[in-house]
Amino acid sequence: MGKGSGYGKVIMLGEHFVVHGVPGVVSAIDASTDAEVKKSTKLNIRDERKTSKGYGEEKRLQQIESIERMLTAMQLEPNLPLDIWIGGSLPGFSGLGASAASSVAIARAISEELGLNLPNEKINAVAYEGEKAYAGNPSGIDNTAATYGGLMWFKKNTTNNQDFVEKLYLKRPVEIVIGSTGKTANTKLMVEGVAERKKKNPQKYEPLFKQAENLVVAGRKALEDGDLKKVGALMNENHHILQELGVSSKELDLLVDMARKQGAFGAKLTGGGGGGCMVALTPGKEVQGKVASAFKTAGYEFLATKISVQF
Ligand code: PMV
């Protein structure tokens, strides 16, 4: 039997814009998806992840397409019969890179089961192919974080596959709270919607892309300088332009508001939006605890974790 894992992630700055070549800041989180793969006589997927309502059904066909794409990228038969188990500590909530984490985990498990010995670079490239089933035109930020872990600066190369990736190191890991709306979102539709709106109305959207670029650059500097108040303010600005982009939702705005009222330095949706998750910057145990208990009291699931943990 082959085994593999992939990290979950949280995008701190730049989602959606990152698909179009704007840089993004992403951190892996200390929750991962695990996979086990065994050669079999037919394809059988046992998905035992904890998920938000409807996640399994919504993603089922995309999951099968993703596995076929990954097998093809490994120069294998797309219908290769395999027994696949998926589990681990990362919940299947939209926005946490659960699809990329599972693609990386499955790619690693296939590589081990078939003795392919694929290096990380190849696992990442294979998982990127798998991500296309879930996101249509993914930036690659999710599979890169899922493969390598840590905090990173990511810039997609929109003309070839040579993305620019740089690990970032902070003085200490910083507490965050990730809140889940409980709503499963379709990343592919969200990404397509942004591309369509941008094409139809460049006068409205192009300035937002410029603003996103400036704020991600400033956010990286503030993070590295340890100026967390500034990082929080930039996350708030980022949420605002994601609202303008049309990818937020009533529940996301509500959780973002709730976190800010409890003392979060900043809060924004994270990932594809349209449901899924938000992230609040909550340095120190006290603020983190306040935000987490507000979410708990209001009946929302959450993860209280840290960014920039080196695994
Ligand atoms: O919702 P998630 O976890 O699949 O994250 C999507 C992030 C996007 O920037 C919207 C898409 C991408 O490929 O970068």
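Position 1 is the first residue of the sequence, and the numbers go up from there. When a ligand or atom number is given, it counts from 1 through the structure's own listing order.
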(request) Examine Lys198 relative to Tyr205 and say whether NZ or CZ is less than 6.0 Å from the centre of the six-membered ring and inside a 45° cone about the ring axis. (result) no
(request) Establish, for the pair Lys167 and Tyr148, whether the NZ or CZ atom is under 6.0 angstrom from the six-membered ring centre and no further than 45 degrees off its axis. (result) no
(request) Name all residues meeting the ring pair (Phe, Tyr, Trp, His ring centres under 6.0 Å) criterion together with Phe154; count only those two or more places apart in sequence or in a different chain, and write none if there are none. (result) none
(request) Sequence neighbours left out, what passes side chain to side chain donor-acceptor pair (under 3.5 Å) with Lys132? Give chain and number order. (result) Glu129
(request) For Lys50, check side chain to side chain donor-acceptor pair (under 3.5 Å) against everything at least two apart and list the hits. (result) Glu301
(request) Take Glu131 and Ser99 through the side-chain hydrogen bond (donor to acceptor under 3.5 Å, both in side chains) test and state the conclusion after the steps. (result) CA-CA 7 Å; Glu131 268 294 272; Ser99 58; 2.8 Å; yes
(request) Kindly tell me which protein residues have any non-hydrogen atom under 4.0 angstrom away from an atom of ligand 1, grouped by chain and ordered by number? (result) Lys9, Ile11, Glu15, His16, Val18, Val19, Gly95, Leu96, Gly97, Pro138, Ser139, Ile141, Asp142, Thr187, Val191, Gly271, Gly272
